[in-house]
K.L.:
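Got a structure here, written out as structure tokens. Questions coming.
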Amino acid sequence: MNYWLMKSEPDAFSIDDLKNLKTSPWDGVRNYQARNFMKEMKMGDTVFFYHSSCKVPAIVGLASVNKEAYPDNTSWDETSPYFDLKSTPDNPRWFMVDIEFISKLPTPLTLKDMKNDPVLSGFKLLQKGSRLSIIPLSDEHAQYLIAKMT
DNA sequence: GCCAACGTTGGC
DNA sequence: GCCAACGTTGGC
């Protein structure tokens, strides 16, 4: 079982949106590193849902992977903002997973707090200039964060 | 809104 | 295959 952090801008898709939908495809990833991480995801992996580009960047909830990587059909939809000419149903370039809502944190774990926590040193999210939208967590970091949530 | 960091593109 | 130019991300 692996642990992942996935970033979303709350204006586009928030933890409340996921809560309402119960489960949702994670489409629109157009970065090779992030795509490759999604291909590594397994059923039941835990996802830390992170709000980025907002007032208080923070981990705001938990989700789990409930469908493993499959082609992202928005990539060949000409009307989609995620359209990519080089991706086709026969030769898909981009993939997505489905995730399922687990919980919304009563108190988000803010980026600021995490940056000040020595236990989390080495966590890629906290490195300066880290822009990757999907980031793996070590077991140690993941379990530490989960413990902090309760 | 600024800008540093990073990824991608394309000319050579 | 190098690298400059450009676009995007995301914290501040």
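Just so it is clear, the structure is predicted and the values come from calculations on it, not from any experiment. Proteins get letters first, then strands, A, B, ... in listed order; numbering begins at 1 in each. Only this structure's heavy atoms are used, side chains among them; waters, hydrogens and symmetry mates stay out.
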K.L.:
What is the first contacted nucleotide of DNA chain C and what is the last, in 5' to 3' order, if contact means an atom lying under 4.0 angstrom from a heavy atom of chain A?
P.N.:
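Boundary nucleotides touching chain A, in 5' to 3' order, are dG7(C) to dC12(C).
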K.L.:
For W76(A) together with F83(A), are the ring centres under 6.0 Å from each other?
P.N.:
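No, the ring of F83(A) stays outside the 6.0 Å limit from the ring of W76(A), centre to centre.
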K.L.:
Taking only distance into account, with no hydrogens and no angle test, what donor-acceptor pairs under 3.5 Å do side-chain atoms of residues 96-106 of chain A form with protein atoms, sequence neighbours excluded?
P.N.:
unit_1, atom_1, unit_2, atom_2, d
D98(A), OD1, Y70(A), OH, 2.5
K104(A), NZ, D16(A), OD1, 2.9
K104(A), NZ, D16(A), OD2, 3.3

K.L.:
In terms of relative ring orientation, are F13(A) and W26(A) parallel, tilted or perpendicular, with 30° and 60° separating the classes?
P.N.:
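Rings of F13(A) and W26(A): perpendicular, over 60°.
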K.L.:
For the pair D77(A) and T74(A), evaluate side-chain hydrogen bond (donor to acceptor under 3.5 Å, both in side chains) and give the outcome as yes or no after the intermediate values.
P.N.:
CA-CA 5 Å; D77(A) 173 2; T74(A) 66; over 6 Å; no
K.L.:
With a 3.5 Å distance limit and no angle check, can you tell me whether D45(A) reaches the backbone of K42(A) through a side-chain donor-acceptor pair?
P.N.:
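Here the side-chain-to-backbone pair exists.
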K.L.:
What nucleic acid atoms does K55(A) come within less than 4.0 Å of, heavy atoms only: base, sugar-phosphate, or nothing?
P.N.:
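Nothing: the residue K55(A), judged by heavy atoms under 4.0 Å, touches no strand.
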K.L.:
So, for P136(A) and F123(A), which heavy atoms are closest and what is the spacing to 0.1 Å?
P.N.:
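Closest heavy-atom pair between P136(A) and F123(A): O-CE1, 4.4 Å.
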K.L.:
Describe the nucleic acid contact of Q33(A) in one word from base, sugar-phosphate, nothing, applying a heavy-atom distance below 4.0 Å.
P.N.:
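Sugar-phosphate, backbone atoms only, no base.
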K.L.:
Got F95(A) and M41(A) here, is their nearest side-chain heavy-atom distance under 4.5 Å?
P.N.:
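They are not in contact (no side-chain heavy atoms under 4.5 Å apart), so the answer is no.
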K.L.:
Salt bridge between D72(A) and R35(A), side-chain N to carboxylate O under 4.0 Å?
P.N.:
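Salt bridge absent between D72(A) and R35(A).
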K.L.:
Which of residues 125-135 of chain A sit near DNA chain B, with a heavy atom under 4.0 Å from it?
P.N.:
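Those residues are K128(A), G129(A), R131(A).
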